[in-house]
Amino acid sequence: MPRPTAAQFAYGSATVVATTLALLLLFHTESGVGVAAVGATALALGLLVALRLPRPGHPTAGGTGRATTDRASSAAARTHHALEGIGARERVPAARSSERPSARSSARDDEHSLRR
């Protein structure tokens, strides 16, 4: 059985505490049987919440069957396709030809190549 994550512990514990306080204040329970029933209900709800949290690297609850790494790579692919869709490749400046620069810029040979 896999070990629970820190998020599962945190959410499960918070659910148990909040549910216990809410049920005790709602029902004004004073008997031992009532307090035990409230505690058991809160523990069951906390366990349910902790188990329903998705685990990293496991298939999601949505039924897609993709792991976390698959989601990250598919998000990168979507971004790449979106950038191609808006013409991001066309905005990259074309490479300079290997010809000699014009006479006007030859006087500035000591400057950076991007200033020609």
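Treat the numbers as computed from the prediction; the structure is a model and nothing was measured.
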Ignoring hydrogens and angles, write down the donor-acceptor pairs under 3.5 Å from the side chains of residues 25-48, residues two or more places apart or on other chains.
| unit_1 | atom_1 | unit_2 | atom_2 | d |
| --- | --- | --- | --- | --- |
| Ser31 | OG | Gly34 | N | 3.2 |
| Thr41 | OG1 | Ala37 | O | 2.7 |

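- Closest heavy-atom contact between Gln8 and Leu51: NE2-CA, 4.5 Å.
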Please tabulate, for the side chains in residues 14-23, all donor-acceptor contacts under 3.5 angstrom to protein atoms that are two or more places apart in sequence or on a different chain.
| unit_1 | atom_1 | unit_2 | atom_2 | d |
| --- | --- | --- | --- | --- |
| Thr15 | OG1 | Tyr11 | O | 2.7 |
| Thr19 | OG1 | Thr15 | O | 2.6 |
| Thr20 | OG1 | Val16 | O | 2.7 |

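- Closest approach of Ala50 to Gly12, counting heavy atoms only: CB-CA, 4.2 Å.
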